[in-house]
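Residue numbers begin at 1 in each chain, while the letters A, B, ... track the order of the sequences.
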Amino acid sequence: MSATLARTLVTSALPYANGPIHIGHIAGAYLPADVYVRYLRLRKQDVVWVCGSDEHGAAITLRARKEGTTPRAIVDRYHEEMQEAFAGLDIAFDHYDRTSSPDHHRFAQEYFLTLLDQGAFTQETRQQFFDPVEKQFLADRYVQGGCPKCGHDKAYGDQCEKCGSALSPEELIDPKSTLSGATPEWRETTLWYLPMDRHEDWLREYLEQGQLDGAPHHDPKTWKAHVIGQCKSWVDGGLQSRAMTRDLDWGVPVPVEGADGKVLYVWLDAPLGYITATKNWAEKKGVDWEPYWKDADTRLVHFIGKDNIVFHCIIFPILLKEHGGYLLPHNVPANEFMNLEGDKISTSRNWAVWAKEYIDDFPGRSDEMRYVLASIMPEQKDAEFTWEDFQSRVNNELADVLGNFVNRVIVLTSKYFGGKVPAASGNWTETDLGLRDLMASTPGSVGDSIEKYRFRDALQHAMGLVRAGNKYLTEEEPWKVIKSDEQRTADILNLALQVTANAAIVLSPFLPRTSERIASALGTAHLPWDAAGGDLVPAGQPLGSLPILFDKVTDEQVEEQRSKLGHAEGMREVEAEKAQTTFDDFQAIDLRVAEVIAAEKVKGADKLLQLTVRTGYDERTVVSGIAEHFAPEDVVGRKVTLLANLAPRKIRGVVSQGMVLMASTEDGGLRFVTPEEGAEPGDIIR
RNA sequence: GGCGAGGUAGCUCAGCUGGUUAGAGCGCAGGAUUCAUAAUCCUGAGGUCGAGAGUUCAAGUCUCUCUCUCGCUACCA
């Protein structure tokens, strides 16, 4: 497959510059791309891999405000930090850029104008929250208020970070501007929208048939099932218009008169960063960038996590096609998620293994992490990282299988042949020929798997050669043969050395450092992939010294890493108290003790429970979004705190008269606010 | 509730367009061996392929129903 196209352009999802990189990111979008690209480079193919920091968007400005600094300071900090993290794990982009650069702004604006001229957008006026104090429109994330679902009192206008549900700003209870704290007003604003429904037909053809403009473009069978599935689900469900601009002051300004205070939506801006990065790479290199994005002889591959599928398979292709002249992705091998020690990775709970911390704790041991992540990469479904598994893979596979094999080959050679590669007679036995066959076929099987984005398989194939080497030594027993037949011993060790040199090549996309150390010791450094398969080490070659390749991971280290999880201090976001209120305002709220006497699930809604509560003076219905935390039988008979004088509201066809108060716990759970024994329904709380 | 992806040996996972006794790595048990980081190699135990029904000469592999997990989406006061 790789032989038919002239060049390959690889991108990895632009990491968002408001937090550090963890192993989930690495396993999702960076390590697979790195392996893929290293392989293509070894094949001497024309390949470019670009990435960069995604530095715009409301979340960054919000964070800047919270920390009392500027968005620039935030993105500068993470731009540096993320690059250190990548470098620490030998993630070697050809070019790492950033979206806040003037080059990128200019290019994104040009691109936007072209689309505008070509009628790709519609202009619509909608109601949006406006901060009367700061005199500016508020992006969804700039509005905070009570979460209508879990009651969390500091949910954002686009989602509640406590319960994870997606929201829109008008749903918030008692919305406040996060800029000034003022209550926002509804005002009209004009934004540009991308009407995606226009594109459903060709998208369907592109995704399902791999056809573009009536011509074959790619083989859809090579795409992952979950990628195509999710895309079809979106297209079949009907595509909506999506705003391509935002009212914000941090981003690429909309280059249109009268559009002050408006910027390009990050999802328009960010993927264009791939193009800017390619241009900047080309300039640095003194070559033409355009073939990489425009020549039909180029394969475009996006490595991403599953959360980005829709953007890379639907929205970005629309933007590229609308502009014209640009290539569409040939494949988007999105990975699923990496879980950690039985739970999902969570930045705010510090339930994560941070790339930088790993490198600090295990200096120089990037290959170990790369190996483990490649072995368990979430290629088809979510995967799970545990430190115990890390330990066992490093100790049993890297140290015992690979490290020990290399060591025994070198020790045997130095013992019997003074550390020089012995010459082979050429009289191969059946066993020898079997191993030589495997040696010859391994580069192909590893490469095939890599080209199919099956990195775990590829690594298995590569390790298979090493395992065969161990078996060979054990069965041929050169330490016995040496006593009677020196030439036969030379043959055995020569072959074992050739296997070692071959292993260094086929493992190098995964274990660049280790491969380099092995190859240097054997004097076979910097050989191309296509050299692999046959004899690589010449007879008579003196071997360099090679210390033990892998230290074992101790139980203490495992324990230490485990104990770090979830225990970072101050990681829980302490929420600022709300603005002062008055006793009179408090008096307006009528809280009472009530007892739940019946409960049932609201049909058609996963999260709603319809409760009947006794207040002592009446019985009423309250709809509560707690069904995911409590079964109906769990709540019947409980005494609860009821907000009694809340205006009735119809939810899913049921009129809810009041609200049951809940405490939302750090782990995202809910607890009833239960009065002490002795309080009876109807008792007033004040 | 709708849609998508999953549910395969103790663990982590492969199984392409349906076809001999369902595989790998790790773990475990027994054995071999000592060149090597107490490493290696061999053998084995042996999983109703989430549950049920159906199509077929033949199903882990296709169809339907159910169930659990994950994601998107709706509901959320």
I'd like to know whether T612(A) forms a side chain to side chain contact (heavy atoms under 4.5 Å, CB included) with E600(A), so could you lay out the CA-CA distance, the side-chain angles of the two residues, the decisive distance to 0.1 Å, and finally the verdict.
CA-CA 9 Å; T612(A) 305; E600(A) 59 177 304; over 6 Å; no

Residues D618(A) and R620(A) bridged, charged N to O under 4.0 Å:
yes

Would you tell me if any nitrogen or oxygen in the side chain of K480(A) comes within less than 4.0 Å of OP1 or OP2 on C35(B)?
no

Of D382(A) and L398(A), the one whose closest RNA chain B nucleotide lies more 5'
L398(A)

Taking only the side-chain heavy atoms of N407(A) (C-beta and beyond), determine which of A36(B), A14(B), C72(B) contains the nearest atom.
A36(B)

Measure the distance from CZ on F311(A) to P on C72(B) and round it to the nearest whole Å.
11 Å

Expressed in whole Å, how much space separates the P atoms belonging to G50(B) and U12(B)?
15 Å

Let's see if you can work this out: which of C41(B), A5(B), U33(B) has an atom nearest to the side-chain heavy atoms of E477(A)?
U33(B)

Between H218(A) and Y206(A), what is the ring plane arrangement, given parallel below 30°, perpendicular above 60°, and tilted in between?
perpendicular

Rounded to whole Å, the CD1-P distance (I309(A) to G6(B)) equals 12 Å

Which nucleotide in the set G71(B), U12(B), C35(B) lies at the smallest distance from any side-chain heavy atom of V411(A)?
C35(B)

Do any side-chain nitrogens or oxygens of R408(A) fall under 4.0 Å of OP1 or OP2 in C41(B)?
no

For the side chain of D590(A) and the backbone of A644(A), is there at least one donor-acceptor N/O pair under 3.5 Å apart?
no

Distance in angstrom units between W234(A) CH2 and G71(B) P, rounded
16 Å

Residue-phosphate contact under 4.0 Å: K552(A) side-chain N/O, A39(B) OP1/OP2
yes

Without swapping roles, check the side chain of T489(A) against the backbone of I482(A) for a donor-acceptor pair under 3.5 Å.
yes

Pick base, sugar-phosphate or nothing for I482(A), based on heavy-atom distances below 4.0 Å to the nucleic acid.
nothing

Given the structure, check if the side chain of N404(A) and the base of A36(B) hold any donor-acceptor pair shorter than 3.5 Å.
yes

If the cut-off is 4.0 Å, is K415(A) near the phosphate of A36(B), judged by side-chain N/O to OP1 or OP2?
yes

Does R454(A) put a side-chain nitrogen or oxygen below 4.0 Å from OP1 or OP2 of G15(B)?
yes

Whole-angstrom distance between G18(B) and C57(B), as gauged at atom P
15 Å

Listed by chain and number, what are the side-chain contact (heavy atoms from CB on, under 4.5 Å) partners of K420(A), not counting sequence neighbours?
P542(A)

Distance between P atoms of U40(B) and G27(B) (Å, rounded):
8 Å

Please state how far atom CG in L546(A) lies from atom C1' in A36(B), giving the value in whole angstrom units.
13 Å

When we call it a touch if two heavy atoms are under 4.0 Å apart, what does F405(A) touch: a base, just sugar-phosphate, or nothing?
nothing

Round to a whole Å and report the spacing from CD of E336(A) to P of A14(B).
10 Å

Ring-face cation of K306(A) near F337(A) (centre distance under 6.0 Å, axis angle within 45°)
yes

If the P atom of C42(B) is compared with that of C68(B), how far apart are they to the nearest Å?
44 Å

Separation of the P atoms in A39(B) and C72(B), to the nearest angstrom:
43 Å

What's the closest nucleotide to the side chain of L412(A) if the choices are U37(B), C35(B), U40(B)?
C35(B)

Does C70(B) have its OP1 or OP2 closer than 4.0 Å to a side-chain nitrogen or oxygen of K381(A)?
no

With rounding to the closest Å, how many angstrom separate the C1' atoms on U56(B) and G71(B)?
35 Å

Looking at N396(A), I'd like to know whether one of its side-chain N or O atoms comes within less than 4.0 Å of OP1 or OP2 on G25(B).
no

What's the gap between G60(B) and G6(B) when it is taken at their C1' atoms, as a whole Å value?
14 Å

For V623(A), answer base if it contacts any base atom (sugar-phosphate contacts may also be present), sugar-phosphate if it contacts only those atoms, and nothing otherwise; contact means non-hydrogen atoms under 4.0 Å.
sugar-phosphate

Remember a base hit wins even if backbone is also touched, and classify I548(A) as base, sugar-phosphate or nothing at under 4.0 Å, heavy atoms.
base

So what does the secondary structure string of RNA chain B come out as, 5' to 3', with Watson-Crick or wobble pairs under 3.5 angstrom, [ ] for crossing and | for pairs with another strand?
(((((((..((((.....[...)))).(((((.......))))).....(((((..]....))))))))))))....

Report the residue (W479(A) or Y472(A)) whose heavy-atom-nearest nucleotide on RNA chain B is the more 5′ of the two.
W479(A)

Nearest whole Å is fine: how far is U69(B) C1' from M338(A) CE?
18 Å

Using atom CG of L402(A) as one end and atom C1' of A36(B) as the other, report the distance to the nearest whole Å.
13 Å

Between D485(A) and R488(A), is the closest basic N to carboxylate O distance under 4.0 Å?
no

Residue pair E379(A) / Y453(A), side-chain donor-acceptor N/O under 3.5 Å:
no

As a test of reading the structure: which of C3(B), G25(B), C35(B) is closest to the side chain of S233(A), going by heavy atoms?
C3(B)

C1'-based separation of G47(B) from G23(B) [nearest Å]:
11 Å

Using a 4.0 Å heavy-atom cut-off, does G658(A) contact any base of the nucleic acid, only the sugar-phosphate backbone, or nothing at all?
sugar-phosphate

Which whole-number value in Å describes the distance from N470(A) CG to U34(B) C1'?
13 Å

Spell out, as yes or no, whether a donor-acceptor pair under 3.5 Å connects the side chain of Q498(A) to the backbone of V537(A).
yes

